[in-house]
Amino acid sequence: MADSLSTGLVEEKENEKEDKERATKAVNVDLNKKKDEVADTRGFHDKNGGARGQKGNLSDLSLVRFITTELTRGYFLEHNEAKYTERRERVYTCLRIPKELEKLMTFGFFLCLDTFLYVFTLLPLRVILALLRLLTVPCCGLGGSRLLQPAQVCDVLKGFIMVLCYSMMSYVDYSMMYHLIRGQSVIKLYIIYNMLEVADRLFSSFGQDILDALYWTATEPKEKKRAHIGVIPHFLMAVLYVFLHAILIMVQATTLNVAFNSHNKSLLTIMMSNNFVEIKGSVFKKFEKNNLFQMSNSDIKERFTNYILLLIVCLRNMEQFSWNPDHFWVLFPDVVMVITSEVAVDVVKHAFITKFNDISADVYGEYRASLAFDLVSSRQKNAYTDYSDSVSRRMGFIPLPLALLLIRVVTSSVKIQGSLSFMCVLLFYLGMITLKVLNSIVLLGTSCMFVKEAKMEEKLFDPPPSVASSRANSRANRSKNTYTAAPQAEPTSDRAGVSLTPGVSPPTEKPEGTSSAIPKSDSDTFLTTPDEDDEDKILNNDMGLEGDGLKHRTPKKDLLEIDRFTICGNRID
């Protein structure tokens, strides 16, 4: 019995040894095969599959074999399908940019036109109605607590500003300014034109704040404690601003007129090449969707302003040639060159910005919906701002100085004499009112369609925001409330309303009865979208969180919360 057991153990050990030897031989065979394959790809293996020596390998390194390998080697793009699909989508996005951008530019152009025509058509009528109400109050008595409604007060202030600034502009000699600028050298004029562009953006940045301060000072409830310097100082500041901004635009138009009338067109060429320098300053910066929205609004305002400047240049030139229609066709190629260069620069700039920052072309549809929302909301009963002021905040386009300059140029270029001339002026005025009304109706219908497509109807019923606090106070309150609510870790509920994009969730706030982690920001709180990195630093410093601690991020601002583009240039936060 013992012998049988010992023999069984011996047989098992032998079987195990045989299995190990077989496994070792199989592994060696696999290794040899792999070595042979590697040697064959490098050209060190002979036709029979045997390994050669070092001399044989060196003799096989021939130029013919290398060229043959280069000509016959292959690769498979499907092994990196995601990468090449993404590259193809980028190309398609760049091809879609011109169409989507021009849709936004066209819609924004008619918005600016509607605001610009308002100054010439409805604003004088509203001022006359407000003055009639003011004159008839002693006869009819006060029907309410206010002598004039806040909107009427703002209209009267705008009318007085326009009248005073026009009387001041009548003392400015356009011809003397033209000859003074024409006597400068080409390089000096180029520098002057660039300085004027920067100054225009600075004036637009501060000008709307001056006008808003005047409107609020004149219409705020009197029960509140006085915290301002008075209506008259604010009014004088507004008059001074509108006058200086109009003078600045006049110098800009005069410089452009000198470039048109130069014999060699060198100044005009240099000024047009300046637009392409804008590509260098914008394309290679980091852009987010909110920053691109600001740049798009700035481009709309810039394009519309250039059209008005070209109109002024044409009027001045036609006056000098006694309104000869042949001279217009002399100016026409230069006008086309200016407009074409502006459009080309905008298309190239936006195409590469969207490419480098992975932004879809559909974002311009969201921008149109955001601008349309402003128009629709300004037509409601609970509107808290005039539509022209809303456009000014969005795009930095202030129509008062530009309209003042156009009135000054038209009145100096066109002589009105006789009853027939007055009849023509009346017909022209009625034509402008008709154009304004038709443009407003079409814009309102188109805006309602855009708002409905973006599913933003519910936001129209939100109450208007309260008086906005400053940016510093808003950030301080936000970080303070976040610190207070952080230990509770209570769930938040979505705010009422539909977000502009279906893929972006709307900002959240705490249920009633609890302190909100992030307070709702008003539309006038920020000039631009706050930097997320700065917000994270503020929150982390206030909460004392470091390393792997809990990190609270503020939600991205909705496009509707970017209330105005009154900043200098294309500033990127």
Side-chain angles (χ1 to χ4, degrees), residues 104 107-119 122-123 126 149-152 154-155 158 208 211-212 215-216 219 289-290 293-294 296-297 300-301 363-399 436-437 439-468 494-502 504 506-507 509 520-529 557-566:
L104 175 64
F107 183 70
F109 172 81
F110 284 105
L111 292 179
C112 293
L113 180 63
D114 188 70
T115 304
F116 193 65
L117 290 176
Y118 172 81
V119 180
L122 299 185
L123 181 61
R126 290 175 63 93
Q149 296 298 321
Q152 293 176 326
C154 295
D155 293 333
K158 291 178 183 178
Q208 188 60 39
L211 296 176
D212 285 342
Y215 301 153
W216 174 242
T219 59
K289 190 167 63 173
N290 296 340
F293 183 44
Q294 296 170 351
S296 301
N297 291 333
I300 294 172
K301 174 253 180 183
V363 73
Y364 293 100
E366 301 177 13
Y367 298 161
R368 289 200 310 269
S370 181
L371 295 176
F373 183 87
D374 291 338
L375 176 59
V376 176
S377 59
S378 65
R379 304 290 180 177
Q380 291 184 317
K381 294 182 179 180
N382 61 346
Y384 57 91
T385 182
D386 184 59
Y387 173 66
S388 60
D389 296 330
S390 177
V391 173
S392 300
R393 294 185 183 96
R394 284 284 190 185
M395 304 178 183
F397 172 67
I398 304 177
K436 168 68 173 66
V437 173
N439 187 40
S440 299
I441 293 174
V442 174
L443 280 179
L444 185 59
T446 307
S447 300
C448 292
M449 182 181 63
F450 289 154
V451 170
K452 186 176 180 180
E453 290 177 355
K455 300 180 181 180
M456 300 169 62
E457 300 94 331
E458 295 184 6
K459 288 187 177 182
L460 292 173
F461 302 100
D462 292 340
S466 59
V467 179
D494 293 339
R495 187 172 64 183
V498 182
S499 62
L500 193 58
T501 54
V504 180
E509 61 181 4
K520 187 189 303 182
S521 60
D522 297 327
S523 59
D524 286 332
T525 303
F526 299 111
L527 290 178
T528 58
T529 304
K557 290 180 66 60
D558 191 88
L559 293 178
L560 296 177
E561 296 180 1
I562 304 175
D563 193 64
R564 58 183 178 263
F565 181 75
T566 52

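- Here the side chains of Met395 and Leu371 are in contact, with some heavy-atom distance below 4.5 Å.
- For the pair Arg368 and Phe450, the cation sits on the ring face: its NZ or CZ lies under 6.0 Å from the ring centre, inside 45° of the axis.
- The heavy-atom pair separating Cys112 from Phe397 by the smallest distance is O-CE2, 3.9 Å.
- Judged as a ring-ring contact (aromatic ring centres under 6.0 Å, His included), and not counting sequence neighbours, Tyr215 has no contacts.
- Put simply, the side chain of Leu111 does not reach to within 4.5 Å of the side chain of Ile300, judged on heavy atoms.
- Residues Asp212 and Gln208 bring a donor and an acceptor atom of their side chains to less than 3.5 Å of each other.
- Here the OH-CG distance, from Tyr367 to Leu104, works out to 9.0 Å after rounding to the nearest 0.5 Å.
- Taking NZ from Lys301 and OG from Ser296, the interatomic distance works out to 15.0 Å, rounded to the nearest 0.5 Å.
- In this structure the side chain of Phe373 never reaches within 4.5 angstrom of the side chain of Ser447, judged on heavy atoms.
- Every ring-ring contact (aromatic ring centres under 6.0 Å, His included) that Phe109 has, sequence neighbours left out, goes to Phe304, Tyr307.
- The shortest non-hydrogen separation linking Ala151 to Arg126 is CB-NH2, 3.8 Å.
- Asn439 contributes atom CG, which lies 9.5 Å from atom OG1 of Thr115 (distance to the nearest 0.5 angstrom).
- Taking every heavy atom of both residues into account, Asp155 and Tyr118 meet most closely at OD1-OH, 3.6 Å.
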Practice problem: Report the C-alpha separation of Arg394 and Ser370 in whole Å, then their side-chain angles, then the decisive distance to 0.1 Å, and conclude whether the side chain to side chain contact (heavy atoms under 4.5 Å, CB included) test is met. | Solution: CA-CA 10 Å; Arg394 284 284 190 185; Ser370 181; 3.3 Å; yes
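- Here the closest non-hydrogen pair linking Cys154 and Thr219 is SG-CG2, 4.2 Å.
- Checked by atom type and distance alone, the side chain of Thr446 never pairs as donor or acceptor with a backbone atom of Leu443 at under 3.5 Å.
- With sequence neighbours excluded, the residues forming a side chain to side chain donor-acceptor pair (under 3.5 Å) with Ser440 are Asp114, Lys436, listed by chain and number.
- In this structure, CD in Gln294 is found 13.5 Å from NZ in Lys289, a value given to the nearest 0.5 Å.
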